[in-house]
Chemist: 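First the structure, then my questions, so here it is.
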Amino acid sequence: MAKSKHNTEDYLQMYRQMVRIRTFEDNANQLYLSAKMPGLTHMYSGEEAVAVGICEALEITDKITSTHRGHGHCVAKGAEFKEMFCELLGKEEGYCRGKGGSMHIADQSNGNLGANAIVGGSMGIATGSAFTSKMLGTGDVTVCFFGDGATAQGLWYEVMNMAALWNLPVIYACENNGYSEYTKTEEIAAGSITARAEAFGIEAHQVDGQDVLAVNELTQKLVARARKGEGPFFMELMTYRYHGHHVGDINREYYRSKDEEKDWKDNRDPIIRFRGWMVEQGIATEEEIEAMNAEIKADAKAAVEYALEAKYPDVSEVDMHVYVGVEHALA
Amino acid sequence: MAKSKHNTEDYLQMYRQMVRIRTFEDNANQLYLSAKMPGLTHMYSGEEAVAVGICEALEITDKITSTHRGHGHCVAKGAEFKEMFCELLGKEEGYCRGKGGSMHIADQSNGNLGANAIVGGSMGIATGSAFTSKMLGTGDVTVCFFGDGATAQGLWYEVMNMAALWNLPVIYACENNGYSEYTKTEEIAAGSITARAEAFGIEAHQVDGQDVLAVNELTQKLVARARKGEGPFFMELMTYRYHGHHVGDINREYYRSKDEEKDWKDNRDPIIRFRGWMVEQGIATEEEIEAMNAEIKADAKAAVEYALEAKYPDVSEVDMHVYVGVEHALA
Amino acid sequence: MRQITLSQAVNEALAEEMRRDETVFIIGEDVAEAGTPFKVLAGLVEEFGTSRVVDTPIAEPGFMGIAVGAAMTGTRPVVDLMFGDFIYLIMDQLCNQAAKTHYMSGGKLKVPLVLRTNLGATRRSAAQHSQSLHALVAHIPGLKVAMPSSAYEAKGLMKTAIRDDNPVVIFEDKLMYNDKAPVPEEEYLIPFGEANIKREGTDITLIGTSSMVQVCEKAAEILAGEGISAEVIDPRTIVPLDEATLLKSARKTSRVIVVDEGHQSYGVTGEIASRINEKAFYHLDAPVLRMGAMDVPVPFSPALEDITVPTPEGVAENARRLMSGEMIHAA
Amino acid sequence: MRQITLSQAVNEALAEEMRRDETVFIIGEDVAEAGTPFKVLAGLVEEFGTSRVVDTPIAEPGFMGIAVGAAMTGTRPVVDLMFGDFIYLIMDQLCNQAAKTHYMSGGKLKVPLVLRTNLGATRRSAAQHSQSLHALVAHIPGLKVAMPSSAYEAKGLMKTAIRDDNPVVIFEDKLMYNDKAPVPEEEYLIPFGEANIKREGTDITLIGTSSMVQVCEKAAEILAGEGISAEVIDPRTIVPLDEATLLKSARKTSRVIVVDEGHQSYGVTGEIASRINEKAFYHLDAPVLRMGAMDVPVPFSPALEDITVPTPEGVAENARRLMSGEMIHAA
Ligand SMILES: Cc1ncc(C[n+]2csc(CCOP(=O)(O)OP(=O)(O)O)c2C)c(N)n1
Ligand SMILES: Cc1ncc(C[n+]2csc(CCOP(=O)(O)OP(=O)(O)O)c2C)c(N)n1
Ligand SMILES: [Mg+2]
Ligand SMILES: [Mg+2]
């Protein structure tokens, strides 16, 4: 593991947040498998160190933009299970009053500008958020999460160009999990992804996305520099998703082998690695860790139960929030 | 000047084509100034060595895509004055039956897939043309012309990626004339333009766009390699436009100085340079060159006169060519 | 007759046309081994290889542009756009380029391509994966727009589309991929611009597009039980639109409801209703009623989503009101 | 009252709002020193500096995306889109992001931005620089759409748009920038959703949008000379649409023509005509007539272009036919 200077609580928090993400996803997957969740969803399991390593380097007032695979970012930026499960099930108490669902989930009050169902769709939004920061002098930094597949979208190059010309405080964080849907990254990305950012004069870094401390350390440095106006930056985080592209993608041997999956899970799991390191360093005992895990599991269970019972939005909500300042758009 | 191996006729042809472009533009500008041309137009004067150096390295069956500044490409790919002036004036005998005008002018029978009024709009088309070549095995190479300003369009990165992944026979030719409209290139392009292509694994070259032989020599090499499946390639051609962004852009000192314009015209003019070299090399005498110039001027004059008298399309043409196979779309 | 699913019908149409014409190819995301997320293209790459079933990066504007250029130079691309909601990303290539090339070139160039995409809500996919955006493209001259209402239409219209020399957009309903219908073994094509009278009736005309044809048929069933004889018409293509058949029915029944899954305002229902009003006005006993999707972004929550689209009960209810003369007082 | 041009009116509105609210800024191509190609923004950068009058590279999706993100985080961007035809390029950012963010977030986020662009043919700019595409955005819930018909409206609607908390698209007519109209010195705003009765009349209602209001006024003038009293109404915003005023007039005159410069099919005229038909059916003596632009790409040739858009003579001619009852036989 990379070295880092944190106090004990920081480490515990990172561990906790990673486990919370994994636990959230396990429950979401269960909800899907038991046909209790409407629609499909994309699991973040395996990539926890990315969202947590990055978000733990941010202030609440800093902003992020998220993706279709957004539960991890949402948890990492400070969201609660209850409102998240309510959203996942389309209930009124969800963060988006059930109107967004998995692909638009976000705790907006913590600076999450939204998950996005358009691949690459939030690249402009993140850059614009950094624009606001510069224009109004708020000092906020924005992190734009996206996948390796999203690097194929032209929008990225357009906004990188402007971010670089204007020194915007934005960090483009590419979660390279080796696949976009059912296709390997090397089949859809020519040349080098870091070189693409560098060609715009943007400092680019590649980092082990399964090492939460490495991710966190690099992000801390870049965030501090971005706050001083030295941005933008690019980070490519090498990671892996454990589930299929979405929860329904069960038979996936035609595009990736079980052995490959097993290798990542057994040998590079971000939670197992970090847990081992914490115990080794005497930051927490096995017992303390197990207790934390159990508490998180219980929290999730309670939240799921709550959400399953929670009420749907009233049908009169259907034409609310179409326009700010218009109670019912179709009245 | 760069060295090259050509026979006399090749040199004369390059010279002739450059002068034809300059002459065409001088007449088009006159038509605008005398209010005989509908709308506006963008002059290619000053950039002749780019279009000619490239197109003289192509076969008739090779394809090009052109831009809003497209008269030069059109002439260089083999178009005739008469049909071009007719098009410019919206007459029935124009290459597009008057329906396209300056921004869509093209002699389609020579492999010109059209000028395009959307900056960057033809990057996909050119790449698709190269796709056809590979899929059907025609051996054709496609050259995609665009300006420095167009490198800001995301579409370019999307199609470069695919062209590189699939080794398509396309050459992206960026005419860097230092400006996009009223803005200097350095204000709108971060980092390095050639590095952007290289980041996709595409071989990139920068060349003096005022040296027709240098342009031609490089293009010949790249075309030959592209035909063998070694493409795609990128060329950045350093050049300059003599007129304003369009014919109506007369007072332009707020964005570029008269001195700068004078310097390019006096010291780097592609026609004057090449003419001097030809005389020096004994390829043509001053008299022969003057005779050629005069002949071209006369041709242009005759074509303009013809076009001014030519008839407009009949109003019944208005709903023709909306759909292939439908005589009148609104009948 | 054998029954096959809409998905199989599309697959067969593509396979037959690809066997017949070597210039036909498929391009899009995860179209090859994965056969698209909806598995519609399963098996095609095995028969036709990756040079004709072409997986792309996630770059919709890019591969759409490539398809336009490929079509202009001698091939017949079938573009696979995974969700109809992504059509926003390719509007420039579709509407500024593909739709206008034939016209702007005075009939010299043509763009014989098919854009296959989908529409339809109630899949719990939220606002960015549930739109029915066919009205946008129907507004643009130069494009044809087909809306199959069953496996039978899906096959026949697809084959016609592929042979058409113009850009054609086909919207399949995502929810109908597994719906079966009788489809002949023998080859057949369905001409564009010929509406299909799905059910004859005398009291009221129900015009439905895509899946709304089923909705209208079910409404007609309900109404039949009440002694109201409804005629159900499927225009099959909205550009070109078979006005004659619609008008004939309207003049016969004197009451019309137009049902479509796009947003109601500024959409398809307004056009069809207006044409009937304009040309059958004095035969109408009541205003032509329109039922589109609610003018709200599609909500995720099942409690809200289901009420945004027309239902058989809703259509029947409106038909009853029209028959009873109740609307008279409102108008 | 003093008379100023539409261009000056827009300029004043922007300057006043930028003085009033520091979070308002302008972003687009050549908006600063150049003040746009139409010179509408002349002088603004001198007063507000380049941090609030922001020149961008030629990257419409990119700067539109940046504006969305900036608006979500506390600023009020006014996006300058040089030609309405480029709206195709930004549809994803406008329609998938800006229009839906408020709804998808359950009312938590908002996107207070203005998209300033233009419409209008007959400038001899051909098919890619002459479109009137307001119908496309009017179809998308979450967007408001304003269509100023003179300098007076241009100023008042712009100020209202900037203060609106929703994304608003304003279409200015390119040909009207130099048209003068009386505009008060004192501050005023024009509320959205309030139609303006430009001229009262009793025999027939002419509803026009944008420059078509002038066309209708001229038609009314012609008709007045023939003893036909035409009422002319300008809806001013098509979303929201002031149905009440339109219906009242329709019920009064019993004859209506809707005139708009967008393509007629699947456009604005169909929506307005349908609403009137639905709700004033039994008051109408004749079908509501629609006059949109011809369903053809805009041709370059003046001989063709001029016949593609509605003219005062054409409107008057149709009014006469409606008055004479001639349409009765057609319907
Ligand atoms: C514009 C767009 N194109 C296609 C899709 C369908 N889609 C959803 S996720 C995805 C793959 C994304 O890959 P990547 O960016 O690597 O993210 P990952 O799923 O691996 O986290 C695709 C193609 C989409 N949602 N948006
Ligand atoms: C998509 C798009 N955006 C903006 C414009 C307006 N425009 C026309 S030419 C031009 C500048 C192009 O610069 P460059 O690509 O360098 O070509 P040059 O004019 O220098 O040859 C602009 C902004 C356009 N036609 N299309
Ligand atoms: Mg990925
Ligand atoms: Mg340039």
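These values consider heavy atoms only, across backbone and side chains, with no hydrogens, waters or symmetry-generated copies. Residue numbers start from 1 in every chain, and the chains themselves are labelled A, B, ... in the order their sequence lines are given, proteins ahead of strands.
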Chemist: Please flag which part of B/L113 lies under 4.5 Å from any non-hydrogen atom of chain C: side chain, backbone, both or neither.
Modeler: both
Chemist: Counting C-beta onward and ignoring hydrogens, is there a side-chain heavy-atom pair between B/M235 and B/I171 closer than 4.5 Å?
Modeler: yes
Chemist: Which of the residues C/P57, C/G106, C/A99, C/A59 is involved in the greatest number of heavy-atom pairs with chain B at under 4.5 angstrom?
Modeler: C/G106
Chemist: Given heavy-atom pairs under 4.5 angstrom as the criterion, report whether the side chain, backbone, both or neither of C/V239 touches chain B.
Modeler: side chain
Chemist: Non-hydrogen atoms of chain C under 4.5 Å away: do they reach the side chain of B/L165, the backbone, both or neither?
Modeler: side chain
Chemist: Would you say the side-chain atoms of B/R69 pair up with the backbone N or O of B/Y44, donor to acceptor, closer than 3.5 Å?
Modeler: no
Chemist: Within a 6.0 Å radius of atom CD1 on B/I60, are there more than 12 heavy atoms belonging to other residues, nucleotides or ligands?
Modeler: no
Chemist: Measure distances from B/M123 to the heavy atoms of chain C and classify the residue's part below 4.5 Å as side chain, backbone, both or neither.
Modeler: neither
Chemist: Which residues satisfy the side chain to side chain contact (heavy atoms under 4.5 Å, CB included) test with B/K228, sequence neighbours excluded?
Modeler: B/E230
Chemist: Pick one of side chain, backbone, both or neither for B/V318, based on which atoms fall under 4.5 Å of a heavy atom in chain C.
Modeler: both
Chemist: Are B/V141 and B/V170 close enough that some pair of their side-chain heavy atoms sits under 4.5 Å apart?
Modeler: no
Chemist: Could you check which of B/I125, B/I105, B/V322 has the highest count of heavy-atom pairs closer than 4.5 Å to chain C?
Modeler: B/I125
Chemist: Which residues pass the side chain to side chain contact (heavy atoms under 4.5 Å, CB included) test with B/A173, sequence neighbours left out?
Modeler: B/I54, B/V143, B/F145, B/L237
Chemist: Looking at B/G154, B/A329, B/G124, which one has more heavy-atom pairs under 4.5 Å with chain C than the rest?
Modeler: B/G124
Chemist: State, with a plain yes or no, whether a side-chain heavy atom of C/V168 is found less than 4.5 Å away from one of C/V145.
Modeler: no
Chemist: So do C/I66 and B/V159 actually touch side chain to side chain, heavy atoms under 4.5 Å?
Modeler: yes
Chemist: Please classify the contact of C/V54 with chain B as side chain, backbone, both or neither, using a heavy-atom distance under 4.5 Å.
Modeler: side chain
Chemist: Grab the two heavy atoms, one from C/A280 and one from C/A250, that are nearest each other, plus how far apart they are.
Modeler: CB-CB, 4.3 Å
Chemist: Are side-chain heavy atoms of C/V45 and C/I26 found at a separation under 4.5 Å?
Modeler: no
Chemist: Show the pairs of one donor and one acceptor atom, one from chain B and one from chain C, lying under 3.5 Å apart.
Modeler:
residue, atom, partner, partner atom, Å
B/Y95, O, C/K108, NZ, 2.5
B/N116, OD1, C/Q97, NE2, 3.2
B/N116, ND2, C/Q97, OE1, 2.8
B/G121, O, C/Q93, NE2, 3.4
B/T132, OG1, C/A70, O, 3.1
B/T132, OG1, C/T73, OG1, 2.7
B/E158, OE1, C/G62, N, 2.7
B/V318, O, C/Y103, OH, 2.6
B/H321, O, C/Y103, N, 3.2
B/Y323, OH, C/G142, N, 3.2
B/Y323, OH, C/L143, O, 2.7
B/V324, N, C/N166, OD1, 2.7
B/V324, O, C/N166, ND2, 3.1

Chemist: Could you list the residues that satisfy side chain to side chain contact (heavy atoms under 4.5 Å, CB included) with B/L40, not counting sequence neighbours?
Modeler: B/Y32, B/H246, B/V247
Chemist: Quick check on C/I58 against chain B: is it the side chain, the backbone, both or neither that has a heavy atom closer than 4.5 Å?
Modeler: neither
